[in-house]
Amino acid sequence: SSQGGSGMDLSEFNKDVIFSGLKRLYRKKIRPLELSSKYGHFHSPPLSPSDFDSKPMVLLLGQYSVGKTSFIRYLLGRDFPGQ
């Protein structure tokens, strides 16, 4: 079944395999470049393993009564605690 018109069912993917692959790719290819170029000195420090393991956070900003709660309800497909 397709979701969102993309033609792909994302529930078929093993997210743990994808995340461990991204972590490995960063550690072996990208982090050495960041360290050798001193990228952390000019922008942000190198990522740690916990940056990959933690759940993502999203900040939703908007004026009063513009539909922030309705948007969250739409994304979740249901009501949620604390509204």
Side-chain angles (χ1 to χ4, degrees):
S1 80
S2 78
Q3 295 178 352
S6 68
M8 294 175 58
D9 183 359
L10 299 179
S11 65
E12 295 177 13
F13 291 98
N14 184 336
K15 66 176 178 57
D16 295 328
V17 171
I18 294 170
F19 290 147
S20 68
L22 285 172
K23 208 181 328 186
R24 186 175 54 252
L25 179 68
Y26 176 78
R27 190 179 62 246
K28 291 186 179 227
K29 301 289 183 179
I30 297 171
R31 191 168 198 274
L33 288 173
E34 287 182 346
L35 294 174
S36 67
S37 68
K38 298 186 182 352
Y39 178 78
H41 179 73
F42 298 102
H43 195 273
S44 59
L47 298 175
S48 69
S50 63
D51 290 317
F52 289 94
D53 296 332
S54 61
K55 292 184 178 187
M57 284 193 253
V58 176
L59 175 64
L60 187 59
L61 298 173
Q63 297 277 336
Y64 173 78
S65 196
V66 296
K68 297 177 297 292
T69 302
S70 298
F71 180 65
I72 294 170
R73 208 178 296 127
Y74 171 78
L75 288 175
L76 295 175
R78 61 181 174 82
D79 287 340
F80 60 96
Q83 16 177 154

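Values reported hereafter were calculated over all heavy atoms of this structure, with side chains retained and with hydrogens, waters and symmetry mates removed.
- No single ILVMFWY cluster, assembled from side-chain heavy atoms under 4.5 Å apart, contains both Val17 and Leu25.
- Heavy atoms of other residues, nucleotides or ligands lying less than 6.0 angstrom from CZ of Phe19 number 12 at most.
- Nearest approach of Pro46 to Tyr26, heavy atoms of both residues: CA-OH, 3.4 Å.
- Across every non-hydrogen atom of Asp51 and Ser48, the tightest pair is OD2-N, 2.7 Å.
- Taking each heavy atom of Arg73 and Arg78 in turn, the nearest pair found is CG-O, 3.1 Å.
- At a threshold of 4.5 Å between non-hydrogen side-chain atoms, the residues Ser44 and Tyr39 count as touching.
- To the nearest 0.5 angstrom, Leu75 atom CG is 11.0 Å from Ser70 atom OG.
- Listed by chain and residue number, nothing satisfies the side chain to side chain donor-acceptor pair (under 3.5 Å) test with His41 (two or more places apart in sequence, or in another chain).
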Below 3.5 Å, can you tabulate the donor-acceptor pairs from side chains in residues 53-67 to any protein atom, sequence neighbours excluded?
from: Asp53; atom 1: OD1; to: Lys23; atom 2: NZ; distance (Å): 2.7
from: Ser54; atom 1: OG; to: Ser50; atom 2: O; distance (Å): 3.2

